[in-house]
Chemist: 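This is the structure I want to talk about, given as structure tokens.
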Protein chains: 2
Amino acid sequence: MKKKIVRIKDIAERAQTSKGTVDRVLHNRGRVADDVRERILAIIKELNYEPNLIAQSLKSQRAFNLAALIPDPNLDSYWEAPHNGLEKAEKELRQYGVRITKFIFNSHSDTSFIAKAKEVGREHPDGLLIAPIFYKEALPFFKEWAEMGIPYVLFNTQIEHVNPLCYIGQDSYRSGSLAAKILRFGLHSPGTVLVAHVNEDISNSAHLITKEEGFRDYFKSEQLEDTFKVISKEINFPDEEGPDKQLDELRKQYPDLSAIYVTNSKAFEVAAYLEKNALKDIKLIGYDLIGRNQQYLNKGIIDFLINQNPLGQGYWGIHQLANHLIFKKEIPAIKFLPLDIITKENLDYYLDPQ
Amino acid sequence: MKKKIVRIKDIAERAQTSKGTVDRVLHNRGRVADDVRERILAIIKELNYEPNLIAQSLKSQRAFNLAALIPDPNLDSYWEAPHNGLEKAEKELRQYGVRITKFIFNSHSDTSFIAKAKEVGREHPDGLLIAPIFYKEALPFFKEWAEMGIPYVLFNTQIEHVNPLCYIGQDSYRSGSLAAKILRFGLHSPGTVLVAHVNEDISNSAHLITKEEGFRDYFKSEQLEDTFKVISKEINFPDEEGPDKQLDELRKQYPDLSAIYVTNSKAFEVAAYLEKNALKDIKLIGYDLIGRNQQYLNKGIIDFLINQNPLGQGYWGIHQLANHLIFKKEIPAIKFLPLDIITKENLDYYLDPQ
DNA sequence: TTTTAATGCGTGCTCGAACACTTTTTTAAA
DNA sequence: TTTAAAAAAGTGTTCGAGCACGCATTAAAA
């Protein structure tokens with residue numbers, strides 16, 4: 001059962017024509033008589049022709065300039081991983097002519113985002129990967145890029161009512177449910193459970209709200225509302241301070257506080273507080289494998305982390321663009337990455353170097 | 001900062017020689033004067049030449065016949081996933097001339113294994129992927145294949161004192177520790193914890209022993225030996241029966257049995273027992289996302305599953321062979337796959353279709 | 001009828017690496 | 001010094017797809 005690889009030449013021979021004609025049919029370049037086209041199309045189907053991607057990309061040799069609009073990793077180390085993912089993908093795809101230009105903005109400054117987004121437009125890239133953490137500010141650009149015919153892939157933050165090639169990231173709702181499930185597994189006696197949004201502008205972060213929904217709904221659907229009281233709180237503090245004051249107060253108000261779910265990568269702030277106050281019995285779960293979270297995970301103060309796989313987000317984002325632009329594959333509108341559960345014991349396997 | 005892609009021709013020009021000579025140097029085909037070779041080598045290093053894999057494989061057009069020696073998925077559905085992984089890898093690598101021939105043996109019959117292993121030798125494949133579940137029976141073949149110069153990759157079962165290109169699978173010890181960690185998180189009051197080896201010939205399965213070690217050592221290292229008593233038991237029963245009798249007896253002996261760790265993919269057997277006897281408070285953790293385990297996971301009877309990623313094992317196994325044979329990459333001797341923790345809430349993301 | 005344009009179709013070069021084959025140079029033997 | 005053999009270096013074809021170019025036929029315009 002040898003599968004012969006079908007070439008354009010084979011099709012041409014069978015259709016008693018030349019490879020040039022077959023090529024014109026394949027690429028809809030016109031200038032082919034209808035009957036010949038039909039015949040060729042039939043043969044292509046019959047022989048199940050698939051273009052040889054290797055020969056294709058050897059020939060075409062064209063450069064694909066991709067742009068990545070992404071926050072500065074020096075200001076928030078969470079963004080290091082997507083950068084690495086980008087680079088990993090670029091390495092793999094360089095053979096196919098892929099080049100990535102990074103446009104790095106300050107994740108705390110919408111004006112810097114806007115400036116960089118404008119730059120992207122001027123560069124006319126063939127495709128764009130973007131972490132749209134500034135929702136409102138990004139909207140007009142989506143329109144602009146669509147008009148320019150630049151396909152863009154969103155990652156990290158899901159946004160409704162725009163038309164990206166694809167969104168890559170987590171299912172925030174499920175992510176919340178998962179966190180709830182794990183904490184609940186570790187909770188014995190009735191108590192209060194806190195959903196903590198740490199240092200985050202909730203109004204502009206729909207996905208954190210969705211996480212909270214998923215979290216709350218888990219307790220509802222499992223009929224645990226009487227056993228566990230779920231409260232939520234935005235915990236904001238300047239850089240020098242910590243969450244101490246606000247958490248002190250919370251504990252006064254809810255002495256039976258037994259678990260905390262931090263909806264972003266700032267679980268280490270809460271962990272530091274728990275450590276300082278020797279609160280060993282409060283379970284803690286958060287997101288992302290940034291260095292400071294890892295420390296507290298290894299100390300056993302953070303019990304679990306959910307990995308949002310930021311490296312994978314960058315990596316797959318670029319790959320989706322390549323699949324679309326180079327390999328002409330169909331792209332699913334949403335690619336949810338797995339919700340990896342991380343503990344001290346399996347942490348290693350999820351750290352960057354593959 | 002444009003990176004120009006360096007071609008053989010570029011090297012030849014700079015070395016004032018022809019591409020044929022450069023080619024001979026690159027492939028150690030000899031017939032090149034020493035000084036010229038040195039010069040070319042220096043330039044290759046200087047310009048950081050990397051062969052264009054695309055052009056390379058377009059030209060060479062050589063077929064790589066890989067063999068996979070792997071149990072019949074119809075007899076144990078665990079093996080379906082590796083088969084899928086193989087096929088996925090084959091699809092991706094077909095362009096590069098990779099063809100896989102499967103040699104399927106009966107996982108309950110060492111003679112069938114031996115017969116198929118002999119067949120593999122006769123076929124002289126370019127590379128081999130093997131699940132060496134029959135340790136003793138496999139040993140002489142490893143020697144044979146080594147002599148024939150056939151590189152082989154082991155997966156699923158780690159074996160010492162043979163010299164594979166690579167082992168792909170899990171770190172069994174860590175896997176046990178992880179299971180312990182999770183169960184412990186869900187255990188409140190003191191009790192007995194059971195390590196169950198279900199329907200397995202322990203004497204020939206070193207990795208199950210290793211899992212148990214990892215499990216026990218977790219409780220030791222966390223100084224929980226006084227709180228939790230860890231016992232282990234082989235639970236064997238014919239196909240028609242269930243684990244009922246043996247578990248009944250165990251519960252009589254240890255009335256405070258509060259958690260069970262099943263070291264292979266047979267957690268569903270224990271789950272069926274727990275369901276039948278309405279034992280909601282006994283925590284259960286096991287391995288692998290086979291259908292019947294998934295059912296009990298969704299019912300909440302199995303609390304967690306650890307995914308051994310059998311699909312990934314097949315997939316990466318083939319890829320390692322390809323990396324070695326086609327892309328001439330360095331292969332790590334061991335590739336541990338992540339220890340994925342699975343619950344009802346994140347199950348979807350780990351099921352086959354990517 | 002002649003000229004021009006439009007359409008249909010085939011030829012041949014290109015991409016980078018591999019390798020067979022040929023040519024040139026060097027070395028050793030006569 | 002000539003000649004043959006061996007070593008070194010160069011040339012040209014191939015892989016499959018893409019695409020520019022050009023030739024041939026037919027239709028439309030002059």
Side-chain angles (χ1 to χ4, degrees), chain A residues 3-41 43-44 47-64 93-99 325-329, chain B residues 3-41 43-44 47-64 93-98 325-328:
Chain A
K3 259 185 247 165
K4 247 184 286 174
I5 284 186
V6 183
R7 302 159 304 168
I8 285 190
K9 206 180 147 193
D10 301 320
I11 298 168
E13 270 167 26
R14 215 178 230 250
Q16 313 216 60
T17 175
S18 76
K19 69 195 185 83
T21 308
V22 176
D23 182 76
R24 257 160 299 196
V25 172
L26 280 168
H27 296 85
N28 288 314
R29 257 199 281 283
R31 311 194 136 230
V32 179
D34 281 354
D35 58 327
V36 180
R37 212 193 44 246
E38 294 303 323
R39 197 168 64 220
I40 291 177
L41 247 23
I43 293 175
I44 287 175
L47 299 186
N48 206 347
Y49 168 78
E50 284 185 25
N52 183 329
L53 292 181
I54 294 174
Q56 210 164 40
S57 59
L58 173 62
K59 179 58 185 73
S60 64
Q61 209 68 3
R62 98 157 248 221
F64 293 91
L93 295 168
R94 237 198 28 194
Q95 299 273 1
Y96 296 94
V98 170
R99 297 287 179 282
L325 291 167
I326 307 180
F327 306 120
K328 315 282 181 203
K329 283 195 199 158
Chain B
K3 261 186 247 167
K4 246 185 282 174
I5 284 186
V6 184
R7 301 159 305 166
I8 285 189
K9 206 179 147 194
D10 300 320
I11 298 168
E13 269 167 25
R14 212 179 234 250
Q16 312 216 60
T17 177
S18 75
K19 65 199 185 83
T21 306
V22 176
D23 182 75
R24 263 169 304 236
V25 171
L26 280 168
H27 296 84
N28 286 315
R29 256 199 281 283
R31 312 199 136 228
V32 179
D34 280 355
D35 59 326
V36 179
R37 216 200 32 253
E38 294 303 323
R39 197 168 65 221
I40 291 177
L41 248 24
I43 292 175
I44 286 175
L47 298 187
N48 207 346
Y49 168 76
E50 284 184 26
N52 183 329
L53 293 180
I54 293 173
Q56 208 163 38
S57 61
L58 172 63
K59 179 61 185 78
S60 63
Q61 209 70 358
R62 123 152 226 227
F64 293 92
L93 295 168
R94 236 196 31 194
Q95 299 272 0
Y96 295 94
V98 170
L325 293 167
I326 307 179
F327 306 120
K328 315 282 181 203

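Below, all heavy atoms of this structure are taken into account, side chains as well, without hydrogens, waters or symmetry copies. Below, chains carry the letters A, B, ... as their sequence lines are ordered, and counting in each starts from 1.
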Chemist: Using modelled atom types only, decide if a donor and an acceptor are shared between the side chain of B:R37 and the backbone of B:V32 within a distance under 3.5 Å.
Modeler: no

Chemist: Which is more 5' along DNA chain C, the nucleotide nearest A:R31 or the one nearest A:T21? Just name the residue.
Modeler: A:R31

Chemist: Give the rounded distance in Å between these two atoms: CG of A:D23 and P of D:dA20.
Modeler: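 Distance check: A:D23 CG to D:dA20 P gives 10 Å.
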
Chemist: Given B:V22, which of B:I11, B:D10, B:V36 fulfils the side-chain contact (heavy atoms from CB on, under 4.5 Å) condition?
Modeler: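 Result for side-chain contact (heavy atoms from CB on, under 4.5 Å) with B:V22: B:I11.
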
Chemist: Just the rounded figure in Å: distance from P of D:dC19 to CG of A:L26.
Modeler: 12 Å

Chemist: Is any side-chain nitrogen or oxygen of B:R7 closer than 4.0 Å to OP1 or OP2 of C:dC15?
Modeler: no

Chemist: As a test of reading the structure: which of C:dG16, D:dC19, C:dC9 is closest to the side chain of A:A33, going by heavy atoms?
Modeler: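 Shortest atom-to-atom distance from the side chain points to C:dC9.
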
Chemist: Scan A:N52 against the nucleic acid and name what it touches under 4.0 Å (heavy atoms): base, sugar-phosphate only, or nothing.
Modeler: sugar-phosphate

Chemist: According to a strict under-4.0 Å criterion, is A:Y96 in side-chain N/O contact with OP1 or OP2 of C:dC15?
Modeler: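 False: A:Y96 side-chain N/O out of range (4.0 Å or more) of C:dC15 OP1/OP2.
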
Chemist: Mapping B:H27 and B:R24 to their closest nucleotides on DNA chain C, which lands nearer the 5' end?
Modeler: B:H27

Chemist: Mind calculating the distance between CZ (A:R29) and C1' (D:dC21) to the nearest angstrom?
Modeler: 13 Å

Chemist: Measure CD1/A:I40 against C1'/C:dG10 and give the value in whole Å, please.
Modeler: 12 Å

Chemist: Given atom CD of B:E13 and atom P of C:dG16, what is their separation to the nearest angstrom?
Modeler: 12 Å

Chemist: Measure from CG on B:D35 to P on D:dA8 and round the result to the nearest Å.
Modeler: 10 Å

Chemist: Give the minimum heavy-atom separation between B:Y96 and B:F64, together with the two atoms involved.
Modeler: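 Taking every non-hydrogen atom into account, O-CD1, 3.7 Å.
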
Chemist: Do the side-chain N or O atoms of B:Y49 get closer than 4.0 angstrom to the phosphate oxygens (OP1, OP2) of C:dG16?
Modeler: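 For C:dG16, neither OP1 nor OP2 has a side-chain N or O of B:Y49 closer than 4.0 Å.
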
Chemist: From CG of A:N28 over to P of D:dG18, roughly how many Å is that when rounded to an integer?
Modeler: 12 Å

Chemist: Would one find a side-chain N or O of A:Q56 under 4.0 angstrom from OP1 or OP2 of D:dG18?
Modeler: yes

Chemist: For A:Y49, which of A:I43, A:I40, A:I8 qualifies under side-chain contact (heavy atoms from CB on, under 4.5 Å)?
Modeler: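 The passing option is A:I8.
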
Chemist: Any non-hydrogen side-chain atom of B:R29 less than 4.5 Å from a side-chain atom of B:D23?
Modeler: yes

Chemist: To the side chain of A:K59, which of C:dG8, D:dG18, C:dT11 is closest?
Modeler: D:dG18

Chemist: DNA chain D: B:G30 or B:S60, which has the more 5' nearest nucleotide?
Modeler: B:G30

Chemist: Categorize B:L58 for me: base, sugar-phosphate, or nothing, with a 4.0 angstrom heavy-atom threshold over every strand shown.
Modeler: base

Chemist: Are any non-hydrogen side-chain atoms of B:I44 and B:L26 less than 4.5 angstrom apart?
Modeler: yes

Chemist: Describe the nucleic acid contact of B:K9 in one word from base, sugar-phosphate, nothing, applying a heavy-atom distance below 4.0 Å.
Modeler: nothing

Chemist: Can you tell me the distance, in whole Å, between the CD1 atom of A:I5 and the C1' atom of D:dG16?
Modeler: 10 Å

Chemist: Of the candidate nucleotides D:dC19, C:dA17, D:dA9, which contains the atom at the shortest distance from the side chain of A:K19?
Modeler: D:dC19

Chemist: Is B:T17 near enough to D:dG10 that one of its side-chain N or O atoms lies under 4.0 angstrom from OP1 or OP2?
Modeler: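 Affirmative; the distance criterion is met.
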
